[in-house]
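Here is the structure we will look at, set down as structure tokens.
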Amino acid sequence: LTFAGITSLFEGDTVSAIACAGGLRPVLWGTQGKPVMAIFSKAPQRVVVDAGFTRMFPKNFDTAGTERLLVNCAGFLAGVQEAGTDQGAH
């Protein structure tokens, strides 16, 4: 999962923390210092877990970074982007 093109990100109105287990790797931490986004990647499976779901609500969608984050997540899930890089899969 890449954060390329994101200079700031709206955390959300209410945010849960993620207990990373079973191969989930934290990639984003909230203001409380706890993981709020994690990924799982083991070919051919990919998963993104986002605990800041309120950033996706219509009133918040146009806030800092949300649209770009969704594009980046879609690229990761489709296998276009490798986890933690700005490079496409080879």
Side-chain angles (χ1 to χ4, degrees):
L1 175 66
T2 179
F3 292 96
I6 298 175
T7 56
S8 63
L9 185 63
F10 176 64
E11 184 174 47
D13 294 325
T14 57
V15 181
S16 299
I18 298 171
C20 293
L24 276 177
R25 184 175 59 147
V27 293
L28 182 66
W29 289 259
T31 55
Q32 301 294 316
K34 297 180 181 179
V36 296
M37 181 178 275
I39 61 170
F40 174 86
S41 182
K42 184 176 179 183
Q45 302 167 331
R46 290 176 176 221
V47 175
V48 175
V49 178
D50 184 1
F53 71 94
T54 56
R55 90 181 89 217
M56 307 303 176
F57 288 2
K59 70 176 186 146
N60 299 330
F61 189 79
D62 293 332
T63 58
T66 301
E67 185 175 359
R68 180 62 189 206
L69 177 65
L70 289 178
V71 169
N72 292 352
C73 287
F76 169 74
L77 291 171
V80 175
Q81 297 173 341
E82 290 295 318
T85 71
D86 293 333
Q87 306 296 319
H90 299 287

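Predicted model, so just to flag it, every value in this text is computed and none were measured.
- Rounding to the nearest 0.5 Å gives a distance of 4.0 Å between CG of Leu69 and CE of Met37.
- When side chains are defined from C-beta on, Met56 counts as touching Thr66, because their heavy atoms get closer than 4.5 Å.
- Residues forming a ring-ring contact (aromatic ring centres under 6.0 Å, His included) with Phe57 (at least two apart in sequence, or on another chain): Phe53.
- Atom CG in Leu70 sits 10.5 Å away from atom CG in Leu77 (nearest 0.5 Å).
- Summarising the geometry, atom CG belonging to Asn72 is positioned 5.0 Å from atom CD1 belonging to Ile6; distances are rounded to the nearest 0.5 Å.
- Counting Ile, Leu, Val, Met, Phe, Trp and Tyr side chains that sit under 4.5 Å apart, directly or through other members, Trp29 stands alone, with no cluster partners.
- Identified under the salt bridge (Lys or Arg N to Asp or Glu O under 4.0 Å) test for residues 71-80, with sequence neighbours left out: none.
- When each of Val49, Leu28, Ile18 is checked for a side-chain contact (heavy atoms from CB on, under 4.5 Å) with Val36, only Leu28 meets the rule.
- Under a hydrophobic clustering in which Ile, Leu, Val, Met, Phe, Trp and Tyr are joined whenever their side-chain heavy atoms come within less than 4.5 Å, directly or via other members, Phe76 and Val27 fall into the same cluster.
- Residue Pro26 comes nearest to Pro35 through the heavy atom pair CB-CB, 3.8 Å, listed as atom of the first residue, atom of the second, then distance.
- Shortest non-hydrogen contact noted between Cys20 and Arg25 is SG-C, 4.5 Å.
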